[in-house]
Amino acid sequence: LCLAVVGLAAWGFSILFKDTGTPMTKGDLLFSLAGKQTLSWSYGDRTISFSITDDAWVNREYPSYQIDRNAKKAITDEINEIHSRKVIEEPGDLAAFGLAQPRCTIVSDGITIAIGDEIPMGNQVYLSMGDGKVHLVNGTILTPFTRSLEEMVTLESVPDLSGATATPV
């Protein structure tokens with residue numbers, strides 16, 4: 001009975017999703033930050049926005065914050081590797097995929113990427129790019145966007161002066 005249920009579920013997913021074949025190459029990406037001037041995202045109750053110029057990211061609310069290069073790399077690596085494993089050509093109601101009220105919304109130069117529910121089997125999430133389709137993508141895309149701005153800022157370290165002695169002038 002268990003095998004029949006699993007087989008039926010697999011058959012249902014194969015009907016629901018059109019397989020795009022082998023993973024796409026870098027030339028077949030759904031999105032890239034290359035040449036973009038803005039990037040913002042909303043996750044939970046927070047929104048973080050940046051202006052991008054010559055590889056420098058300036059936070060719009062706190063322009064003096066220096067963004068940690070590892071945080072920036074994590075974001076660009078994930079967003080520049082978005083490729084569709086499967087696609088629903090005519091999804092109908094986006095609420096069925098968690099896309100009517102997405103978990104995360106990413107906007108860059110007017111392009112909106114909505115990330116919805118995770119599928120029950122595997123680390124994949126539903127994604128919409130406003131093209132009328134629902135894409136199934138790697139669930140790790142959410143990871144860098146769950147961090148707060150404070151978690152992405154490069155903190156200046158203060159030297160430990162506990163054992164230092166002052167010399168009078």
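For P102, the side-chain contact (heavy atoms from CB on, under 4.5 Å) partners are T105, A114, not counting sequence neighbours. Qualifying side-chain contact (heavy atoms from CB on, under 4.5 Å) partners for A96, counting only residues two or more places apart in sequence or in other chains: none. With sequence neighbours excluded, the residues that form a side-chain hydrogen bond (donor to acceptor under 3.5 Å, both in side chains) with E78 are T140. For N70, the side-chain contact (heavy atoms from CB on, under 4.5 Å) criterion is met by D68, not counting sequence neighbours. Under the ring pair (Phe, Tyr, Trp, His ring centres under 6.0 Å) criterion, Y43 pairs with no residue at all, not counting sequence neighbours. Qualifying side-chain hydrogen bond (donor to acceptor under 3.5 Å, both in side chains) partners for S49, counting only residues two or more places apart in sequence or in other chains: none. In this structure E151 satisfies the side-chain hydrogen bond (donor to acceptor under 3.5 Å, both in side chains) test together with S148, sequence neighbours excluded.
Between T76 and W57 the shortest side-chain heavy-atom distance falls below 4.5 Å. Taking the side chain as every heavy atom from C-beta outward, H135 and I82 never approach each other to under 4.5 Å. Under the 4.5 Å side-chain criterion, counting only non-hydrogen atoms from C-beta, S108 is in contact with F31. In this structure the side chain of I141 reaches within 4.5 angstrom of the side chain of V125, judged on heavy atoms.
Distance check: L94 CG to I88 CD1 gives 9.5 Å after rounding to the nearest 0.5 Å. To the nearest 0.5 Å, the span separating CG on N59 from CG on L149 amounts to 4.5 Å. Taken to the nearest 0.5 Å, the OG atom of S128 stands 11.0 Å off from the CD1 atom of I115. The structure places CG of L99 at 9.0 Å from OH of Y126, a figure rounded to the nearest 0.5 Å. Atom CD1 in I75 sits 11.0 Å away from atom CG in N80 (nearest 0.5 Å). The OG1 atom of T154 lies 8.5 Å from the NZ atom of K72; values are rounded to the nearest 0.5 Å.
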Worked verdict on T112 versus I106 for side-chain contact (heavy atoms from CB on, under 4.5 Å): CA-CA 6 Å; T112 301; I106 303 164; over 6 Å; no
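The number of heavy atoms from other shown groups lying within 6.0 Å of CZ (R60) is above 12.
Hydrophobic clustering (side-chain heavy atoms under 4.5 Å, transitive across Ile, Leu, Val, Met, Phe, Trp, Tyr) keeps V58 apart from I48. No single ILVMFWY cluster, assembled from side-chain heavy atoms under 4.5 Å apart, contains both V107 and M129.
Scanning both residues, F145 and C104, for their nearest heavy atoms gives CB-SG, 3.9 Å.
Residue pairs meeting the salt bridge (Lys or Arg N to Asp or Glu O under 4.0 Å) criterion with at least one partner in residues 137-149, sequence neighbours excluded, do not occur; the list is empty. The salt bridge (Lys or Arg N to Asp or Glu O under 4.0 Å) pairs that include a residue from residues 111-140 are E89-K133, where partners are two or more places apart or lie in different chains.
Ring-centre distance between F50 and W41: below the 6.0 Å cut-off.
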Run the side-chain donor-acceptor check on residues 33-40: report pairs under 3.5 Å with partners two or more places apart or on a different chain.
residue, atom, partner, partner atom, Å
K36, NZ, S32, O, 3.3
T38, OG1, D109, N, 2.9
T38, OG1, D109, OD1, 2.8

